Amino acid sequence: MARRRRRKIHKTADQVQPPPVQTTMTIERLAHGGHGVGYVDGMAVFVPRTAPGDHIEVRLVDQRRRYAFGDIVRLIEASPWRVPPPCPLFERCGGCHLQHLPYTRQLDLKTTQVRDNLERIGKLPDVPVSPALGSPVPFAYRNKVVYHYDPTSGALGMVERSGQRILDIPNCLITDPRANAVLERIRTFAAAQPALQQTLKHVQVQVGQRTGEILVTVIVAAPLTAPIQRGLWNGMSDLATGLWMHVKTQDSPAVFNGPSTAIAGSTAIHERIGEHRFRVEPQAFMQVNSVQMERLYARTRERAQLQSRDVVLDLYSGGGAIALSLAPYCASVYAVELNRQASLVGMEQARLLGIENCHFRTGTVERILFRYLAEGLRADLAVLDPPRAGCQPEALTALAKLRVPRIVYISCSPPTLARDLRLLHELGYHTLSVEPLDMFPQTYHIECIATLVLHEPEGNT
Ligand SMILES: C[S@@+](CC[C@H](N)C(=O)[O-])C[C@H]1O[C@@H](n2cnc3c(N)ncnc32)[C@H](O)[C@@H]1O
């Protein structure tokens, strides 16, 4: 289909008219968030569940100064890329964003988005971006889900896309079927237990996809009685490996706030990644796609190009999966993580694996790097794996002050990656490559591995 040109307008301020509330336009590309983007009188309009090439009638529902959000009223001409979404809940569920596109097309669009972010936000148009490495399993890949419970309707699932209610999800197509089976047992049990209905807030299910072990955590407003604990466990013990309870005392957006209690079965499950078997507890961070996690860590090791005498910083280390996978190939690893429980999991993991050259430190990366600077630590490589918000500028400044010559930056958010690569560029780092890796098929999320080197000033080499 011929690409429609963006309508450009040149008006003075007092000539500017507000765009019509309902109009037609063609979707040109996908933006971060999975929204299709088209233009109305030169203004970008973001519309969910659309595909590049769609010609649509759109209603502008939220207008800002330079852009607007719209809802699709009518699909006038469908993009040639559109496919029927396999999940019957796709239109209502907030979990997936791209099921209406074939998987290969999703990957192309993700690659384009990464390039776009590097160009627009990072002002780094020349950084080589490789085609996104697809997941061999584009469905049934999620090894962890956290569902909400609605005591009024009995729904156990995700918040609807409209944000108004909890959608019951009996069979999530991107989730490991073993997790769906356990969730069904809990849904049925809760339906017959008014006391559980009153207190149940969320259910988390974690699956060790290579070991077949399953850990369930019920997040409740008040402790469960012993009979309800027993009833829950009896209803799932043929499927699950362990059951935990987490009493959530404050009404915070975070699912967990405080310690959890193991109530039945094993206290942890395990996942095999590469040559290691990792212990997984309810509050430990683990990538949601085990196959892609293994490829992510293998690619990180390749990009790290470790020498046996190298000293490595694993920053934002979580439960230490990256630190422990690099430790056998270098002299030592310093892992830095904010969450004390995650650091303790890493230490225990190191002990179980017999790894002695990994040092775990709890605190913020930005604070601890300045401490390393004061201590005169020399590091040959830093692996960064921050949360979606990216790194604090102080953390990147400290890395540059430490003169760490190589960085491998793992990111789950291309816009913040682009922002941070820009700052690193200004601090003297050159980005050699960015490799998108699809950890989250059917959703807009994109994982990337960026490899950087420090340009030493002339005469310092
Ligand atoms: C994407 S996870 C990375 C986990 C780990 N690298 C892995 O692969 O399992 C990000 C981690 O950063 C931690 N974190 C967030 N802000 C931090 C900060 N300012 N300093 C240190 N750690 C932080 C979070 O607790 C979380 O464990």
Side-chain angles (χ1 to χ4, degrees), residues 143-144 146 206 208-209 252-258 268-274 276-301 303-304 312-327 333-350 353 355 358-372 381-399 407-417 420 423 437 439-440 445-450:
N143 60 28
K144 173 179 149 181
V146 181
Q206 293 159 288
Q209 292 183 314
S252 69
V255 172
F256 294 98
N257 59 7
I269 57 165
H270 300 86
E271 183 60 307
R272 245 191 330 272
I273 300 298
H276 295 324
R277 191 167 174 264
F278 287 100
R279 183 182 159 88
V280 181
E281 290 186 5
Q283 296 194 44
F285 174 88
M286 186 168 81
Q287 300 282 357
V288 298
N289 181 331
S290 297
V291 178
Q292 291 296 78
M293 169 166 46
E294 189 164 67
R295 293 166 116 189
L296 174 74
Y297 295 160
R299 191 58 66 96
T300 301
R301 207 172 84 204
R303 295 295 166 251
V312 174
L313 299 173
D314 176 16
L315 307 176
Y316 312 89
S317 55
I322 294 175
L324 296 167
S325 66
L326 298 181
V333 184
Y334 291 84
V336 182
E337 163 61 42
L338 179 66
N339 181 312
R340 170 119 190 96
Q341 193 54 37
S343 299
L344 291 174
V345 166
M347 283 178 214
E348 173 64 2
Q349 194 75 52
L353 295 171
I355 291 176
C358 239
H359 313 281
F360 289 87
R361 220 156 160 176
T362 304
T364 66
V365 164
E366 42 283 15
R367 190 174 61 82
I368 288 180
L369 282 184
F370 276 102
R371 199 171 283 178
Y372 285 154
L381 169 80
V383 178
L384 312 179
D385 186 7
R388 203 151 285 166
C391 300
Q392 293 291 325
E394 301 78 38
L396 303 181
T397 310
L399 276 182
I407 294 178
V408 177
Y409 187 143
I410 301 167
S411 161
C412 57
S413 166
T416 58
L417 174 68
D420 289 352
L423 177 55
L437 177 146
M439 191 70 77
F440 319 98
H445 299 289
I446 311 175
E447 195 84 9
C448 286
I449 308 166

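What you see is a predicted model; the values in this text were computed from it and never measured. In this chain, residues are counted from 1 in sequence order. Every number for a ligand or one of its atoms is a count from 1 in the order of the listing. Every heavy atom of this structure was used, including side-chain atoms; hydrogens, water molecules and symmetry mates were not.
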Are the side chain of Gln283 and the backbone N or O of Gly258 linked by a donor-acceptor pair below 3.5 Å? yes

Does any N or O atom in Thr364 lie less than 3.5 angstrom from one in ligand 1, N or O only? no

Within the side chain of Glu337, is there an N or O that forms a donor-acceptor pair under 3.5 Å with the backbone of Thr362? no

Side-chain donor/acceptor of Glu271 to backbone N/O of Arg279, under 3.5 Å: no

Ligand 1 versus Pro386: contacting region, heavy-atom distance under 4.0 Å: backbone

Please work out which of Ile322, Leu315, Ile410, Asp385 has its closest non-hydrogen atom nearest to atom 10 (C) of ligand 1. Asp385

Which atoms of ligand 1 are found less than 4.0 Å from any heavy atom of Gly318? 4 (C), 5 (C), 27 (O)

Check if Gly363 has a non-hydrogen atom at a distance under 4.0 Å from any atom of ligand 1. yes

So does Tyr316 get a backbone contact from the side chain of Asp385, meaning a donor-acceptor N/O pair under 3.5 Å? no

Students should be able to answer this: which protein heavy-atom is nearest to atom 15 (C) of ligand 1, and at what distance? Pro387 CG, 3.5 Å

Checking Gln341 side chain against Gly319 main chain: does a donor-acceptor pair fall under 3.5 Å? no

Backbone or side-chain N or O of Asn339 under 3.5 Å from ligand 1 N or O: no

Should Met286 be counted as touching ligand 1, given the test is an N or O pair under 3.5 Å? no

Under 3.5 Å between any N/O of Asp314 and any N/O of ligand 1: does that happen in this structure? no

Selected option - heavy-atom contact closest to atom 11 (C) of ligand 1, from Glu337, Glu366, Arg367: Glu337

Give the residue and atom name of whichever protein heavy atom lies nearest to atom 20 (N) of ligand 1, and the separation in Å to one decimal. Val365 N, 2.9 Å

Is it the case that the side chains of Asp314 and Tyr334 hold a donor-acceptor pair, with the cut-off being a distance below 3.5 Å and no angle test? no

Should we say atom CZ of Arg340 is surrounded by more than 12 heavy atoms from elsewhere, each under 6.0 Å from it? no

Identify the closest protein heavy atom to atom 12 (O) of ligand 1: which residue and atom is it, and at what distance? Tyr316 CB, 3.4 Å

Evaluate Leu338 for polar contact with ligand 1, using N/O atom pairs at a separation under 3.5 Å. yes

Report the distance from atom CG of Leu384 to atom OG of Ser317, rounding to the nearest 0.5 Å. 11.5 Å

Among all protein non-hydrogen atoms, which one is nearest to atom 8 (O) of ligand 1, and what is the separation to 0.1 Å? Tyr297 OH, 2.7 Å

Which heavy atom of the protein is the closest neighbour of atom 4 (C) of ligand 1, given with residue, atom name and distance? Phe285 CD2, 3.3 Å

Main-chain N/O of Gln209 paired to Asn143 side chain as donor or acceptor, under 3.5 Å: no

With heavy atoms only and a cut-off of under 4.0 Å, state how Ser317 meets ligand 1: side chain, backbone, both or neither. backbone

The test is side-chain contact (heavy atoms from CB on, under 4.5 Å); show your working for Glu394 and Phe370 and say whether it passes. CA-CA 9 Å; Glu394 301 78 38; Phe370 276 102; 4.1 Å; yes

